[in-house]
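Taking it in order: structure first as structure tokens, then the write-up.
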Amino acid sequence: PEQQYLDLMRQIWESGSQRQDRTGIGTRSIAGAMLRYDLAGGAMPLLTTKRVYWKTATREMLWFLTGETNIRPLVLQGVKIWNEWPHAQYVKESGEDVSLEEFVQRIADDEDFASRWGDLGPVYGKQWVDWPTYRYRKDGLYERGKGINQVADLIDSLTNNPGSRRHILEGWNVAELDRMALPPCHKTYQFHVAGDQLNCMLYQRSCDVALGLPFNLWSAALLQRMIAQQVGLEPGELVWMGGDVHLYLNHEHLITEQLTRKPSGAPTLEITRKPETIFDYKIEDFVVHDYAPQAPIKAPVAV
Ligand code: THF
């Protein structure tokens, strides 16, 4: 299964079209790609051709499920993957030439500073568990309604109406995109019940294949497994679909090294207990077996 990922990487590197992108770094990019993973028997799309920090990705997923959009809880757990965006924003707005390390330290030490500067806007967590609603009044104006918890509704619809074709979790709130540090990349999840199997399709509009995709695949499979456990189904297939699927030009060393490697082993995920609800999982609940990855390959994230 991992070979699909390597083949996609090679295809983009060898035949993608070179384009300028928002970050100024430049990419090679293709339009549209699909990967399929069978999650039977605890299998996970966890790459072995480089070390993937699955606990970091898991902490991020648990953070999404809390509805939190401030990076501080991640920072306090040593998760660094969202730090670059608030840092760039701070430097831009304050004009202060503070390093990323110093900025992150302040986020950790100073709660008020964190609430002012650590928020990413209404990104995934907010849209997933508290999608804003509006109620129209008789006078034609409108007021805020109660937020929609899409995740709770999803558990409910999978339980009570498994045959539905509307099991969707959506991050792309058009009206709020301009307030997000970054519009959602993994924007639409759709679930599909077939017998006792729970399948998941993910549409990702923009995909950083070298750095982001290993995290995104793990996270999607993790969410699928947690939901399957909650609704009493077996995890089936994960179908990943990408829109703008690209490699950053400054990831060349990672790509050429990783493409020399061969997949080694088949890691599995065990969830050691069944929490009360989808919102009650803890990092300790996840154990990965048979993961002996090849060396990590460092590369900078494009901001
Ligand atoms: N923007 C870009 N350009 N790429 C992305 O992958 C990406 N994301 C999220 C939002 N914007 C993005 C952020 N997710 C790493 C991993 C995931 C990220 C951001 C950064 C990263 O640096 N990974 C390193 C180190 C991990 C660590 O130190 O813990 C790695 O080697 O995997 C994708 O959704």
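Source: prediction; values computed, not measured. Atoms within each ligand, like the ligands themselves, are counted from 1 in listed order.
Enumerated by chain and number, the residues approaching ligand 1 to less than 4.0 Å through a heavy atom are Y53, T56, I81, W82, W85, L182, D208, L211, G212, F215, N216, Y248, V301, A302.
Side-chain atoms of D119 and T69 include a donor-acceptor pair closer than 3.5 Å.
By the salt bridge (charged side-chain N to carboxylate O under 4.0 Å, His left out) test, E14 is found to be paired with R10, residues two or more places apart in sequence or in another chain being considered. Scanning for side-chain hydrogen bond (donor to acceptor under 3.5 Å, both in side chains) contacts around D130 gives K126, with sequence neighbours left out. E252 is linked by a salt bridge (charged side-chain N to carboxylate O under 4.0 Å, His left out) to nothing, counting only residues two or more places apart in sequence or in another chain.
Of all non-hydrogen atoms in M9 and L247, the two that sit nearest each other are O-CD1, 3.4 Å.
Here the side chains of N83 and H87 are not in contact, with every heavy-atom distance at 4.5 Å or above.
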